[in-house]
Visitor: 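Okay, handing you the structure first.
Chain letters run A, B, ... following the sequence lines, proteins first and then strands; every chain starts at 1.
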Amino acid sequence: MNAVAALRSYVLRRRLGGVGSLPGLAVALVPAGIAAAVAWHGEVDARALYLRLAGPLGLGFVLPFLSMFATLPVFGELWDRGAVGYVFTRPVPRWAPLLGIHQGAVLAGLPAALLAAAAPAAVLSAVGPPPATGWLEPVAAVFAVLAAGLVVDCALCVLLGAWSRRAILWAMFVLVVWGSVVGNLPGSLRGASPHRYLAALFRHWTGIGADELRGLPPDPEPPTAPICLLVLAGITVAALFLAWRAARRRDIL
Amino acid sequence: MSAPALRCQGLSRWYGEVQGLSGLTVTVDRGVVSLLGPNGSGKSTFLKLVTGLIRPSRGHVELFGRRVGPDNHAVFARVGYMPGEDVHFEHERAEDFLALLARLGGDRPARARERAAAALDRVGLAGRGGSRLEAMSKGMRQRVKLAQALLFEPELLLLDEPLNGMDPISRRHTMALLRRHADAGGTVLFASHVLHEVEAVTSRVILLHHGRLLAEGRLDEIRERFDRRPRRVVVECARPRPIAAALLDAELASGTRFADDDRLELETRDLPSLLVRLGELGREGRIDGLEVVDEGLEGIFDLLIGEDG
């Protein structure tokens, strides 16, 4: 549909062109920076360090901020300043621009996600021997989990951006507190957080055991990968549906 | 018979305790109609309600017979809207901005580019599509905003202060464009607070003040309604006091005010007789000039606002 494609292109142009991409790239380089600092001080187990950085740090820090940087500035430009009036007075249903923004934000976040997955591996491969499996497999697995996380977290950001002028505050709460913190708490509460399912995917796709990884809490009965994907897809669809409902009701002042 | 381009019934909107628009019932169909009122009178609120960007507290709006709402987006294929706020997409090039909106209207990328170029040409910005909006003057950005409203040659144009910031040549060009649109069978509703702009484009007005409808119709009809009301005439003369006394004695003036040493302001309920007498005084060389203050739209507007309190 042309309206979805038009907004997708607009978001990609805004978030990847000029300085729009810099905050996301800066966040994506944090794991690589820590990897360099740790490796500088002594010998390390490259694979273990990589997975520690890519797992807890990637899911708990890089992913939420990357999603916020990719999505929320678009809502600041379009909704909070009233520019979306140009969009909503076209013969397009209101879900179409939201879907375009979501797709654009996910695509705009992917290069930074790839950087977050690959840069620590590049740093560690420069200071020590590679893991027995090589780097391609863990890097691809981490990138895939971050990409899945982007789909979910960007959808949540679309919901918050369409719903509230204070989307950044709500996003900090929803993605960081509810996502990363609650998702990492031991106990049944973390089942309510999408990060529990991202962490489980991370374990499945990197092939590490349930309690092997420091930084992620043990999960004795992690959901299977198909269940994780189903839950994450459900959260994405629900968030986009609620975003559409919010966009129908919100006044454009 | 086809439905009118725009019809609203009992349209009201509150912003918390503040009333933005109160019980507006109007119909607009074909030709140019001005939505006239001072800043804060409810013009922009009305246009945002008409376009569905804000929801009414009461009442409803119909465009071409279809009720406006978030699910009735198809009607916007027949509507072009130019918001009052600045264009916002500052970092975009003019042609990219217009092409984006053309694609939202259903065009494929190549067709959207062609349409954007044609719209820029219509507003006198041919060849300027490569300029970023932030590098354009306010008047040029206004024309780009107008171009986006014209993209699909809509039947109904809703324009919020379209002439703001334009230079005189652009104003004339834009006014001519609006008249041509109307002459071709289209409808233009444009909001303005500048009275002489309105008079230059149309004689049909909707007067708003404090969110309420003051008057609606042709200017001459509105004037006629107020012909029996006191009218004001300013007279320039060297000796205003004897002239004021004579006019009061003859009951041609119902009130006088000495605005200056050589300026006399008269209030009358019999303007034709007063003008005859002032003409005689002019021929006798006792007055140097006169101006019927209420003759223009501004006078009517002042009268109406005064009446509205």
Side-chain angles (χ1 to χ4, degrees), chain A residues 1-22 73-101 103-104 108 162-163 165 241-253, chain B residues 13 15 20 44-45 47-57 63 68-93 96-109 111-112 133 144-145 148-149 151-152 154 156 158 160:
Chain A
M1 188 178 180
N2 283 336
V4 176
L7 260 294
R8 185 175 62 221
S9 303
Y10 171 75
V11 174
L12 279 171
R13 204 162 60 237
R14 294 290 299 131
R15 302 320 310 153
L16 291 183
V19 298
S21 60
L22 293 182
V74 179
F75 283 91
E77 290 168 13
L78 294 182
W79 262 257
D80 298 348
R81 298 175 63 199
V84 77
Y86 291 99
V87 176
F88 283 166
T89 50
R90 303 285 153 188
V92 291
R94 292 202 176 182
W95 56 261
L98 294 170
L99 199 58
I101 290 171
Q103 291 180 1
W163 173 62
R165 290 178 75 90
F241 174 78
L242 292 173
W244 168 67
R245 299 287 296 178
R248 289 176 77 253
R249 295 191 59 79
R250 185 170 166 187
D251 287 335
I252 309 300
L253 296 171
Chain B
R13 169 70 198 212
Y15 299 103
S44 296
T45 294
L47 290 179
K48 283 179 186 277
L49 285 164
V50 167
T51 50
L53 294 177
I54 59 176
R55 288 168 299 146
S57 306
L63 295 175
V68 170
D71 298 323
N72 288 342
H73 50 269
V75 75
F76 288 109
R78 304 170 71 180
V79 178
Y81 170 57
M82 174 182 172
E85 299 87 9
D86 209 347
V87 71
H88 292 314
F89 291 78
E90 301 95 342
H91 306 296
E92 295 287 289
R93 296 185 307 166
D96 291 338
F97 169 62
L98 294 176
L100 166 68
L101 297 178
R103 290 193 70 191
L104 286 170
D107 279 349
R108 294 191 168 279
R111 179 73 189 102
L133 293 169
V144 172
K145 279 165 59 178
Q148 63 81 30
L151 268 175
F152 288 88
L156 170 62
L158 301 166
D160 196 349

Visitor: When you measure from the side chain of B:Q148 to the backbone N and O of B:K145, does any donor-acceptor pair fall under 3.5 Å?
Guide: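 Here the side-chain-to-backbone pair exists.
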Visitor: When heavy-atom pairs shorter than 4.5 Å are enumerated against chain A, which of B:A99, B:P109, B:G105, B:P83 gives the highest number?
Guide: B:P83
Visitor: Chain A: which of B:L158, B:D86, B:D107 shares the most heavy-atom pairs with it under 4.5 Å?
Guide: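 It is B:D107.
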Visitor: Out of B:R78, B:R108, B:H91, which one racks up the most heavy-atom pairs below 4.5 Å with chain A?
Guide: B:H91
Visitor: Between A:R249 and chain B, with a heavy-atom cut-off of 4.5 Å, which part of the residue counts as in contact: side chain, backbone, both or neither?
Guide: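 For A:R249, heavy atoms of backbone and side chain both lie under 4.5 Å from chain B.
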Visitor: Would you confirm whether the ring centroid of A:W163 sits within less than 6.0 angstrom of the ring centroid of A:F75?
Guide: no
Visitor: Relative to chain B, which of A:V92, A:V87, A:L78, A:V84 shows the most heavy atom pairs under 4.5 Å?
Guide: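 Ranked by contacts with chain B, first place is A:V92.
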Visitor: Please report the closest heavy-atom contact between A:R248 and B:P70, naming both atoms and the distance.
Guide: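 Distance-wise, the nearest heavy atoms are O-CG, 3.8 Å.
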Visitor: Test your reading of the model: is there a side-chain donor-acceptor pair from A:N2 to the backbone of B:R103, 3.5 Å cut-off?
Guide: no
Visitor: Would you mind checking which part of B:A74 comes under 4.5 Å of any heavy atom in chain A, side chain (CB onward), backbone (N, CA, C, O), both or neither?
Guide: backbone
Visitor: Name the region of A:W95, side chain, backbone, both or neither, that has any atom closer than 4.5 Å to a heavy atom of chain B.
Guide: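 Looking at A:W95, nothing touches chain B.
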Visitor: Can you tell which part of A:A5 gets under 4.5 Å to a heavy atom of chain B, answering side chain, backbone, both or neither?
Guide: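 Backbone plus side chain of A:A5, per the 4.5 Å heavy-atom cut-off to chain B.
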Visitor: Mind listing the closest non-hydrogen atom pair of B:L151 and B:L98 along with its distance?
Guide: CD1-O, 3.6 Å
Visitor: Between B:R55 and A:D251, is there a donor-acceptor pair closer than 3.5 Å when you use the side chain of the first and the backbone of the second?
Guide: no
Visitor: Would you check if the side chain of A:R90 reaches a backbone N or O of B:L104 as a donor-acceptor pair within less than 3.5 Å?
Guide: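 No, the answer is negative, given that no donor and acceptor are paired below the 3.5 Å cut-off.
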Visitor: Do you know which of A:P97, A:S9, A:A3 has the most heavy-atom pairs with chain B at a distance under 4.5 angstrom?
Guide: A:A3
Visitor: Quickly, which of B:V68, B:V79, B:L63 forms a side-chain contact (heavy atoms from CB on, under 4.5 Å) with B:V50? Name it, please.
Guide: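 Option passing the side-chain contact (heavy atoms from CB on, under 4.5 Å) with B:V50: B:L63.
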Visitor: Could you have a look at B:V75, B:T45, B:L100 and say which one has the most heavy-atom pairs with chain A under 4.5 angstrom?
Guide: B:L100
Visitor: Less than 4.5 Å to any heavy atom of chain B: does that hold for the side chain of A:Y10, its backbone, both, or neither?
Guide: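 Contact with chain B: side chain only.
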